[in-house]
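One structure below.
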There are 2 protein chains.
Amino acid sequence: MLVSRSDSAYHHGSLKPALEDAALDLMRTTGHTELSLREVARVAGVSHNAPYHHFGDRTALLKRLSERSMAELLDSLTRAQADLAPTDSPRAHLVAVGAAYIEYAARYPERFRIIYDPAVCVPGSPSAEMAPLIAAVEDILARVTSATIPTASRETVVALTTGVWGAVHGLAELVVAGHITLDETRPALAALLDPSADRGI
Amino acid sequence: MLVSRSDSAYHHGSLKPALEDAALDLMRTTGHTELSLREVARVAGVSHNAPYHHFGDRTALLKRLSERSMAELLDSLTRAQADLAPTDSPRAHLVAVGAAYIEYAARYPERFRIIYDPAVCVPGSPSAEMAPLIAAVEDILARVTSATIPTASRETVVALTTGVWGAVHGLAELVVAGHITLDETRPALAALLDPSADRGI
DNA sequence: AGGCAATGTGGACAGTGTCCAGATCAGGGC
DNA sequence: GCCCTGATCTGGACACTGTCCACATTGCCT
């Protein structure tokens, strides 16, 4: 059987996801940096060496958690976009996706932080599972950004897409780090993205 | 004597800064997360317990490194602003300060990362040395931002200041994480901050 | 039914942060 | 000048960690 737990306690049956879940749970209070493989095993009710048969390494577990988190973030963005009607303004789509990005970080700070930890995932050579997720997130941001500037040059679209990613990412990081609150990010994002705002020139 | 090393090897004379320097040096290759107190002591040529007489804790060392790094970042911003003539446009000042923020992160990724590690510095209750540094950075950003929108409302100034901080911070983080290059941040920042850019509306 | 690969166990080792007792030194009060 | 108090440094110890090893148990395929 593939999923169900065996009667004998010796073989867990589905240890790998159980370990991941235990790790995600522990991370909520410890952060991925202090996450201990042995404690994960303890929570999962298994010996301290069992994880090594599913993840060759502590870093391999962290990489997997990072991929799962990135998939969640991507899902949040796509659902935020899907929740809006096509008749809504392109700017509303952009703001909604950006807000979803920030809200995911605020809701799951440790998961958000592990996604972008250079010690876990090196974007220069991302894992086979991570690469398409990164590309998908960039794609969503590029789509909602370019829709707000239909007449702009290609260079401007690329530059603004990077800028939008940086803006929402930075606001998210500042919230996670505790420097600003989630409530402050809404007007900040609006002020940045709305060129019709009063900027004096 | 206050600074010079004693002849007797027993008392170092100025171990505290020596430990900090050794730690900063080690961090360049390991990152602050993997930084080992014992290795710091080894590099400083001292027993594994000597650091405890200058930093009560491993976290205390990291906090100190975080403060030193924040002071460096602040210095980079003020020098970037001072290098420009008062006759330069407010927008040039804003872009210069933002670029300096990102360039510091690109040059010293580990130092930049330790500044904003919530496990090291909790902005809710920052240390007595950290608090004024944070305030000073925010103040610089607020000044260069508000100068670009002299007729804007107070709320808009506050919102855009937060947005600018988020934008430069996010671009810096994306560079440090390896998702974008330093060269991509320039046009991204310009596209975000320049309302006269072609945005189609 | 038998054997093999997957999955689990306990033991061992080096490395780490931290506490403790004792050694060494510097400087101030007699 | 001398001693003594406090600051600084040392080595030893403990619990914990990641990782490797040999061995036990089990499910599955032939």
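None of these values were measured; they are calculated from a predicted model. Naming convention: chains lettered A, B, ... in sequence-line order (proteins, then strands); numbering from 1 in each chain.
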Listed nucleotide nearest any side-chain atom of [X], set [options]:
X: B/Tyr52; options: C/dT18, D/dT19, D/dT10; value: C/dT18
X: B/Glu39; options: C/dT7, C/dT16, C/dG17; value: C/dT16
X: A/His48; options: D/dT10, C/dG8, C/dA12; value: C/dA12

Return no unless some side-chain N or O of B/Arg42 is found under 4.0 Å from OP1 or OP2 of C/dG15.
->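 So the side-chain polar atoms of B/Arg42 never come under 4.0 Å of the phosphate oxygens OP1 or OP2 of C/dG15.
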Taking only N and O in the side chain of B/Ser36, is any of them less than 4.0 Å away from OP1 or OP2 of C/dG15?
->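 Result: no.
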What is the distance from atom OH of B/Tyr116 to atom CD of B/Glu173, rounded to the nearest 0.5 Å?
->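 Answer rounded to 0.5 Å: 9.0 Å.
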Do A/Arg91 side-chain atoms and A/Ala147 backbone N/O form a donor-acceptor pair below 3.5 Å?
->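 Here the side-chain-to-backbone pair does not exist.
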Any residue meeting side chain to side chain donor-acceptor pair (under 3.5 Å) with A/Ser47, in chain and number order, not counting sequence neighbours |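 For A/Ser47, no residue satisfies side chain to side chain donor-acceptor pair (under 3.5 Å) once neighbours in sequence are set aside.
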May I ask you to say what A/Ser47 touches in the nucleic acid, namely base, sugar-phosphate or nothing, with a heavy-atom cut-off under 4.0 Å?
->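 Base, at least one base atom sits under 4.0 Å.
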Using heavy atoms and a sub-4.0 Å distance, could you list which residues of residues 54-67 of chain A are near DNA chain D? By number, please.
->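 The stretch gives A/Asp57, A/Arg58 as the residues lying under 4.0 Å from the strand, ordered by number.
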Any N or O donor-acceptor pair linking the side chain of A/Asn49 to the base of D/dG18 at under 3.5 Å?
->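 No, the side chain and the base share no sub-3.5 Å donor-acceptor pair.
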Donor-acceptor pair under 3.5 Å, B/Arg38 side chain vs C/dG15 base =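 Side chain to base: no pair below 3.5 Å.
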